[in-house]
Amino acid sequence: MLLSLPALHLQTSEYHPLFQLPHGRLGPWCSPTGSPAPLSCETGCGEGSWILVCRLLVPTQVSLLSMEEDIDTRKINNSFLRDHSYATEADIISTVEFNHTGELLATGDKGGRVVIFQREQESKNQVHRRGEYNVYSTFQSHEPEFDYLKSLEIEEKINKIRWLPQQNAAYFLLSTNDKTVKLWKVSERDKRPEGYNLKDEEGRLRDPATITTLRVPVLRPMDLMVEATPRRVFANAHTYHINSISVNSDYETYMSADDLRINLWNFEITNQSFNIVDIKPANMEELTEVITAAEFHPHHCNSFVYSSSKGTIRLCDMRASALCDRHSKFFEEPEDPSNRSFFSEIISSISDVKFSHSGRYIMTRDYLTVKVWDLNMENRPIETYQVHDYLRSKLCSLYENDCIFDKFECVWNGSDSVIMTGSYNNFFRMFDRNTKRDVTLEASRENSKPRAILKPRKVCVGGKRRKDEISVDSLDFSKKILHTAWHPSENIIAVAATNNLYIFQDKVN
Amino acid sequence: MFARGLKRKSAEDGEDVEGGLAGAQAMPSYSLQRQSLLDMSLVKLQLCHMLVEPNLCRSVLIANTVRQIQEEMAQDGTWRVVAPQAAGRAPLDRLVSTDILCRSVREQEGERPAPDVGDGHTPDLVLGPATVPSAQALRSPQSSLWEVDSSRENRGGFQKSLDQIFETLENKTSGSVEELFADVDSSYYDLDAVLTGMVGSTQSGHGSGLQAFSSATAPPPSSSCRSDLGELDHAVEILVET
């Protein structure tokens, strides 16, 4: 069932002039204020009541902490950080991902930065603060590059982040831009060795002649540092733009997919990858289809799916052959002739594909719908949900302004019973698969009061607009929610709206 | 909206090319909309080709849309009908449009690197120490509309041509846009080919050039540029003859 979502909004204007990150840059903040408000359910479809837990502003130009100048970003107090009403292009969040426990939440942005948030530890005094996330680590994952041979700029924008399952105290994540995947290790350090015999405090070797006594270094406590170190760089294997990365359930390999190829990598080997899918036609002039997303099966390390711009999904089995150019299953829904238009192919192009946690279902997002497919039925989806069907009459202008090419992502909740995806006007949608109910919510500062329950939104399609409804013509197409994430086990969601990251949680929590 | 079935039905009323045109005129709003969609798509496609690395998914979807519109126009006959007039038009327009529509192919021919250079341009071999051991590695690299690199001067020229096409689009009287694009060739098939970058291979011996490129030795860009210009002239000749 769709959960109750009370809304709790953060004060945006608190600013402490003294607390600033290095270089005068401001850090992210989150500061819930206000008191709970009654459930408001006027439209009848908002059985859920979510509250805003925190709004995390990915810091403007903050991040460039190199390994040497680590600071304990966790010191940042909620109320000390300033809101920015402006955002540069580089601040726009381009991916959001919880780790496997949900303790950490990573965002990547167009400026090539990765910001990791950590969930606030529970405390009895501050029950309402559960689910709050604070900055844990910030680092520059990718830098803009220039390919001199192709005279081509390579953007630093982070296209995807994927966490590896945690195996020791450190965390590992993969981040990718258009061309290069990097493996990052994020680890804590709260002790420092002191008193080296052969080195001085700065680490320089001492003249052996001056060493007269034997000293054994000791570990001394120090302020907690969170270090992010690049452990592997997987470069030079993609000619086209990487759109997906996916960690295999064997935890030893992952794949990276670009527009025409999918490569399989071993985490330990950076100079070699295996090409497992290649749909590049012998003659590029015959190209009519591209790969739009790909993902490994959550439990079967041999199978994976990839979606295409023609609205189809292919399931491949790596046991069948080294190059999976023949799929094992092919999921395609026949076109509805009554809805056919020149835009049919464009709107059927799949922007995201996700296996359910159980591995039984696949969810795909196209421009207007989310579909759930049963792995055992290839000829049509078992469920189709309209995300914003009112845009069907606006496709021509959406084509004109290029919005029709926006790549919306979709996510499952922890139990695979609810799915969530984004829309325009800072709206995002949730669909309860069991009750078939759906809700439209809004991630915006203006319209969600602190700690109030998020009010369901409704878009008015016909002529008469009721109070609290918004007409299709007044939707803001520049405010789009492309990236969302759902906590792996709890009803906590993260919603990226341009440079803001909203964290909502089920009121029941 | 462009409900496809509707138009087709009315176009089928006309037996021949003129009949198709009459059908189109009977539904001016539809054909106008379709034409403006085509114009818009072509401009988008051109803008894609100006980029060194366009969004491939978007480019492919737009190209497919163009193809779809052209197929339908060909069925209506609205595409072919201007062809006879096209032959008599001033060659300047023809050159402009041909130039624009072929541009990416030329650039590509001029700049396609040898496979062994390993600059990431060659998709089947991976740069530096990384290799992709697969059956694909054995295939010969092929030309790619989407892997186009445009040199500075080419881009400058392209900008100019694009301005010209915008000018033409702005000044269009009825049917002039059709003429503009019909100038490229009389049949939708060839225009389609042009738009998807096929013109080089179908009309200017591009195919054989491709084989040459497949071998490890690629001719220096400068000379191939010159030969491309020759090929373009040849293509224009063919177009004029039609």
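Every chain is numbered from 1, with letters handed out A, B, ... down the list of sequences.
Contacts of A:Thr288 with chain B are made by both backbone and side-chain atoms, with heavy-atom separations under 4.5 Å. Contacts of A:Thr292 with chain B are made by side-chain atoms alone, with heavy-atom separations under 4.5 Å and no backbone atom involved. In this structure, chain B has no heavy atom under 4.5 Å from any part of A:Phe234.
Contact between A:Asp259 and B:Cys57 at its shortest, heavy atoms only, is OD1-N, 4.5 Å. Contact record, B:Leu61 with A:Ser309: CD2-O, 3.8 Å, taken as the closest heavy-atom pair. Between A:Phe342 and B:Gln68 the shortest heavy-atom distance is O-OE1, 3.4 Å.
Applying the salt bridge (charged side-chain N to carboxylate O under 4.0 Å, His left out) definition to pairs two or more places apart or across chains, those involving residues 55-66 of chain B are A:Asp402-B:Arg58.
Using a 4.0 Å cut-off between charged side-chain N and carboxylate O, A:Lys179 and B:Glu53 make a salt bridge.
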Next on the checklist: As a quick check of understanding, evaluate side-chain contact (heavy atoms from CB on, under 4.5 Å) for B:Asn55 and A:Phe405, giving each step before the final call.
Outcome noted: CA-CA 10 Å; B:Asn55 177 337; A:Phe405 301 107; 5.6 Å; no

Checklist entry - Do B:Leu56 and A:Leu260 pass the side-chain contact (heavy atoms from CB on, under 4.5 Å) test, and can you show the C-alpha distance, the side-chain angles, and the key distance before you say yes or no? => result CA-CA 9 Å; B:Leu56 191 61; A:Leu260 297 177; 3.9 Å; yes

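B:Leu37 CG to A:Phe343 CZ: the interatomic distance, rounded to the nearest 0.5 Å, is 4.5 Å. If you take CG on A:Leu287 and CG on B:Asn64, they are separated by 8.0 Å, rounding to the nearest 0.5 Å.
Checked against side-chain hydrogen bond (donor to acceptor under 3.5 Å, both in side chains), A:Asp406 has the following partners two or more places apart in sequence or in another chain: A:Tyr424, A:Lys480.
No other option in A:Glu289, A:Glu345, A:Glu153 has as many heavy-atom pairs under 4.5 Å with chain B as A:Glu345.
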